[in-house]
> 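First, the structure itself, so that you have it in front of you.
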Amino acid sequence: EAGVAQSPRYKIIEKRQSVAFWCNPISGHATLYWYQQILGQGPKLLIQFQNNGVVDDSQLPKDRFSAERLKGVDSTLKIQPAKLEDSAVYLCASSLGTDEAFFGQGTRLTVV
Amino acid sequence: GDSVTQMEGPVTLSEEAFLTINCTYTATGYPSLFWYVQYPGEGLQLLLKATKADDKGSNKGFEATYRKETTSFHLEKGSVQVSDSAVYFCALYLWDTGRRALTFGSGTRLQVQP
């Protein structure tokens, strides 16, 4: 069974630029999560989708971050404009709606 | 709010030593508890879980027991190997809230020396 796919693996941008990350969840998984993992910290939930609807985006900085999940499958997370403090690993995870989530390898973003 | 507290690392052990990584939680409901592991350059992998009080999760020689009275879920292994070197995250999941997502601790880095 294919796992959660994320791209790119690494991205370096200058502050105030924009960036987008892509996630393809495990086939059939209705629930999709985006987490932000700052170096030395645990992952923090940014947004949760159920199919193509948003369940929880209370911790998403909506002035600069946006996310969508068209057709209830793939998802993109965008940052515009990026700040230095956005440097982190962005993890995508998916689940069948149970308490077990499966994570992708993440995208490491460096903002300089 | 709901939260998870882990012991700070790094934890440095010699091969075949006994491992304990402490984890305590605060939750408004009755959570499922997890340990995830993150090897260098890889994503998070589920190591073990427990869903109710006194349950013991186990996998690859690691164990953790859900202790409701002490709100703890400490990770243990009797004899660590160099290949166990990784970052370990304790997490909780609450079924009885609108937000059904994992809440993670800050992680504990384990370094095992030969």
Side-chain angles (χ1 to χ4, degrees), chain A residues 1-10 21 23-26 29-51 53-60 67 69 75 88-108, chain B residues 1-10 21 23-27 29-52 55 57 59 66 73 75 86-109:
Chain A
E1 177 183 82
V4 176
Q6 290 189 247
S7 67
R9 286 294 309 277
Y10 306 93
F21 313 127
C23 173
N24 181 240
I26 293 173
H29 282 197
T31 306
L32 185 147
Y33 308 90
W34 283 102
Y35 283 85
Q36 180 192 56
Q37 186 180 11
I38 293 173
L39 186 64
Q41 299 181 19
K44 183 187 82 171
L45 180 71
L46 291 175
I47 188 167
Q48 177 184 351
F49 291 95
Q50 181 72 20
N51 296 306
V54 175
V55 174
D56 183 357
D57 64 356
S58 58
Q59 298 187 83
L60 186 74
R69 191 182 183 197
S75 178
V89 176
Y90 290 85
L91 295 167
C92 180
S94 70
S95 120
L96 278 168
T98 68
D99 54 4
E100 288 191 28
F102 298 82
F103 285 81
Q105 290 187 296
T107 296
R108 182 178 297 278
Chain B
D2 307 317
S3 65
V4 176
T5 302
Q6 292 181 234
M7 63 188 288
E8 288 195 19
I21 300 178
C23 169
T24 57
Y25 68 89
T26 301
Y30 198 159
S32 295
L33 300 174
F34 301 80
W35 279 99
Y36 278 80
V37 59
Q38 189 172 40
Y39 297 103
E42 298 186 17
L44 290 164
Q45 300 175 25
L46 176 63
L47 181 59
L48 54 85
K49 65 179 278 191
T51 58
K52 61 183 187 296
D55 268 1
N59 186 24
Y66 191 143
F73 192 56
L75 183 68
V87 182
Y88 293 81
F89 292 92
C90 185
L92 67 81
Y93 181 101
L94 278 166
W95 285 95
D96 50 355
T97 65
R99 179 187 174 198
R100 295 184 176 181
L102 290 163
T103 298
F104 287 90
S106 57
T108 303
R109 181 176 299 278

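Residue numbering restarts at 1 for every chain, and letters A, B, ... go by the order of the sequence lines.
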> Below 4.5 Å from any heavy atom of chain A, which atoms of Q45(B) appear? Answer side chain, backbone, both or neither.
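For Q45(B), there is no contact with chain A at all, as no heavy atom is under 4.5 Å.
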> How are the rings of Y30(B) and Y66(B) set to each other: parallel, tilted or perpendicular (split at 30° and 60°)?
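Plane angle over 60°, so perpendicular.
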> Once rounded to the nearest 0.5 Å, what's the spacing between atom CZ of F103(A) and atom SG of C23(A)?
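F103(A) CZ to C23(A) SG: 11.0 Å, rounded to 0.5 Å.
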> Using salt bridge (charged side-chain N to carboxylate O under 4.0 Å, His left out) as the criterion, list what pairs up with E42(B), not counting sequence neighbours.
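Applying salt bridge (charged side-chain N to carboxylate O under 4.0 Å, His left out) to E42(B) gives none.
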> Considering only heavy atoms, which portion of L46(B) lies under 4.5 Å from any heavy atom of chain A: side chain, backbone, both, or neither?
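The answer is the side chain of L46(B).
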> Is it the backbone or the side chain of Q37(A) that comes under 4.5 Å from a heavy atom of chain B, or both, or neither?
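The side chain, not the backbone.
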> Quick one about T31(A) and Q50(A) (side-chain donor to acceptor, distance below 3.5 Å, no hydrogens or angles considered), yes or no?
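Indeed, the side chains of Q50(A) and T31(A) share at least one donor-acceptor pair under 3.5 Å.
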> At a heavy-atom separation under 4.5 Å, does R108(A) approach chain B through its side chain, its backbone, both, or neither?
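Contact with chain B involves no heavy atom of R108(A) at all.
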> Looking only at heavy atoms and a cut-off of under 4.5 Å, which of Y36(B), F89(B), F34(B), Y93(B) has the most pairs with chain A?
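Among Y36(B), F89(B), F34(B), Y93(B), the one with the most close pairs to chain A is Y93(B).
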> Going through the distances and angles, do D2(B) and T103(B) end up as a side-chain hydrogen bond (donor to acceptor under 3.5 Å, both in side chains)?
CA-CA 8 Å; D2(B) 307 317; T103(B) 298; 5.6 Å; no
